[in-house]
Amino acid sequence: MMKMKLFLALILLNIGTITAQEKLEVFFDFDKYEINVVANQKIVDWIGVSKNIEVQKIYGFCDWKGTNHYNDTLSWKRVRSVYDFLKDRNVKIKSDYESKGFGKDFEQSKVQSENRKVMVVYEIIKEIRPKTKEAILLEELGEALKTSKAGDIIKVKDIYFYNNSAKLLPKSKPILYELLCVMEDNPKLKIEVQGHICCQMIEGQYDVSTARARAVCVFLVQNGINRKRISFKGFGSTRPIHPIPEKSEQEEEDNRRVEIMILEK
């Protein structure tokens with residue numbers, strides 16, 4: 001009996017010290033396993049304010065009155081009542097949740113009404129959100145620059161400019177700051193920023209590829225990167241990925257790009 005009480009005490013102690021878990025306690029009338037009005041409202045209120053939860057354990061308890069066998073059975077019935085109540089209201093319960101009827105074999109409170117209870121142990125499940133397109137692009141750029149070698153050319157996606165202009169659009173900032181971070185983390189890295197345009201068969205007045213490459217360099221220098229580590233060059237439409245004239249907007253987008261050539265690492 002002493003070993004059993006010690007085991008039960010350790011279980012209850014663990015419940016209180018597991019920070020990743022929360023608990024809800026509801027209380028029962030004397031010698032009853034049906035959920036009373038007060039317990040009903042408490043559980044309903046808890047369900048209403050609890051989001052992304054999963055029940056891990058349901059434990060039942062009784063006061064000291066009655067035989068061990070009777071109290072064990074009563075505590076199990078209380079567990080079942082709460083389980084059914086939660087299932088009926090679509091509360092998520094772990095498939096292999098732990099249930100236990102302790103009867104009166106636990107450290108009893110001097111207030112007998114506090115011993116007639118069920119304890120629901122639950123976890124708040126952290127929602128794992130899918131990575132955004134921007135986050136994926138940032139990771140791709142960072143990894144490509146870190147694993148590249150001299151002579152490699154890396155396309156920098158999602159750098160946008162105003163139409164026929166070298167002025168950067170605000171939505172280009174995330175990828176530019178990622179490039180800045182990579183330059184800061186790799187002080188020996190030297191690069192050439194290369195600009196390309198689409199659609200034009202020959203060079204003309206709308207060739208802003210050099211100015212756009214320079215705009216990227218200016219951003220990096222203004223944010224603390226040594227000018228000697230960066231150069232820029234515009235290629236106009238002389239190095240298209242797809243033949244000009246392009247057959248679709250996607251081909252135009254592919255040709256209209258900014259690339260980074262690794263000069264030194």
Side-chain angles (χ1 to χ4, degrees), residues 19-20 126-244 246 248-265:
T19 57
K126 294 182 178 180
E127 184 178 356
I128 301 176
R129 298 181 179 179
K131 292 182 180 179
T132 63
K133 175 186 175 183
E134 290 76 13
I136 294 172
L137 290 175
L138 294 181
E139 288 184 2
E140 289 177 352
L141 175 61
E143 187 62 28
L145 286 169
K146 290 175 183 177
T147 59
S148 61
K149 60 182 183 298
D152 285 352
I153 295 178
I154 301 165
K155 182 179 179 181
V156 185
K157 300 178 182 178
D158 281 16
I159 292 185
Y160 301 101
F161 299 87
Y162 287 97
N163 190 37
N164 293 325
S165 168
K167 185 178 180 181
L168 288 157
L169 284 169
K171 63 181 179 179
S172 301
K173 290 293 181 66
I175 201 71
L176 288 171
Y177 277 112
E178 177 64 15
L179 177 58
L180 175 63
C181 289
V182 173
M183 295 293 290
E184 290 175 338
D185 292 342
N186 299 272
K188 295 182 179 180
L189 178 62
K190 294 183 180 180
I191 63 172
E192 179 181 81
V193 182
Q194 300 178 348
H196 305 267
I197 63 172
C198 70
C199 311
Q200 295 180 220
M201 298 291 292
I202 58 176
E203 294 185 13
Q205 61 177 330
Y206 299 113
D207 180 2
V208 293
S209 62
T210 301
R212 286 178 173 177
R214 181 180 181 278
V216 175
C217 289
V218 169
F219 171 86
L220 295 174
V221 172
Q222 288 179 340
N223 284 278
I225 303 302
N226 191 316
R227 178 67 182 82
K228 294 180 179 180
R229 297 175 57 197
I230 316 166
S231 61
F232 63 90
K233 188 173 183 179
F235 289 92
S237 56
T238 62
R239 294 187 178 182
I241 295 174
H242 305 288
I244 300 175
E246 295 86 354
S248 65
E249 290 185 4
Q250 183 59 54
E251 288 191 355
E252 290 180 0
E253 180 69 22
D254 291 341
N255 284 343
R256 186 173 57 246
R257 66 197 189 278
V258 171
E259 294 177 330
I260 301 295
M261 184 170 76
I262 306 301
L263 300 178
E264 185 177 324
K265 289 191 72 173

Give a yes or no answer on whether the side chain of [X] reaches the backbone of [Y] with a donor-acceptor pair at less than 3.5 Å.
X	Y	result
Lys233	Glu192	no
Arg257	Asn255	yes
Glu246	Cys199	yes
Arg229	Leu189	yes
Ser237	Ile197	no

Exercise. Strictly by modelled atom types, are Asp254 and Gln250 linked by a side-chain donor-acceptor pair under 3.5 Å?
Worked result: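 Judged by distance alone, the side chains do pair up.
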Heavy-atom pair with the smallest gap, counting every atom of [X] and [Y]:
X	Y	value
Phe161	Ala166	CD2-O, 3.4 Å
Ala213	Gly195	CB-N, 3.8 Å
Gly236	Ser209	N-OG, 2.9 Å
Ser231	Leu263	OG-CD1, 3.8 Å
Tyr162	Leu168	CE1-O, 3.8 Å
Glu184	Asn223	OE2-O, 4.1 Å

For this session: Decide side-chain contact (heavy atoms from CB on, under 4.5 Å) for Leu179 and Ile260; before the verdict, give the C-alpha distance in whole Å, the side-chain angles of both, and the deciding distance to 0.1 Å.
Result: CA-CA 10 Å; Leu179 177 58; Ile260 301 295; 4.2 Å; yes
For this session: Can you establish whether the number of heavy atoms outside Arg256 located under 6.0 Å from its atom CZ is more than 12?
Result: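 Yes, the 6.0 Å shell around CZ holds more than 12 heavy atoms from other groups.
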Problem set entry | Lys173 atom NZ, over 12 foreign heavy atoms within 6.0 Å |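 At most 12 heavy atoms, drawn from other residues, nucleotides or ligands, come within 6.0 Å of this atom.
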To the nearest 0.5 Å, what is the distance between [atom1] ([X]) and [atom2] ([Y])?
X	Y	atom1	atom2	value
Thr147	Lys265	OG1	NZ	6.5 Å
Asp158	Leu169	CG	CG	11.0 Å
Arg227	Cys217	CZ	SG	6.0 Å
Glu143	Ser148	CD	OG	10.0 Å

For this session: Could you tell me how the ring of Phe219 sits relative to the ring of Tyr177: parallel (under 30°), tilted (30 to 60°) or perpendicular (over 60°)?
Result: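 The rings of Phe219 and Tyr177 stand perpendicular, inter-plane angle above 60°.
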Exercise. Which one of Arg239, Lys155, His196 satisfies the side chain to side chain donor-acceptor pair (under 3.5 Å) criterion with Glu259?
Worked result: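 Only one of Arg239, Lys155, His196 forms a side chain to side chain donor-acceptor pair (under 3.5 Å) with Glu259, namely His196.
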Could you check if a side-chain atom of [X] sits within less than 4.5 angstrom of a side-chain atom of [Y], using non-hydrogen atoms only?
X	Y	value
Ile230	Met183	yes
Ile175	Lys157	no
Val182	Leu141	no

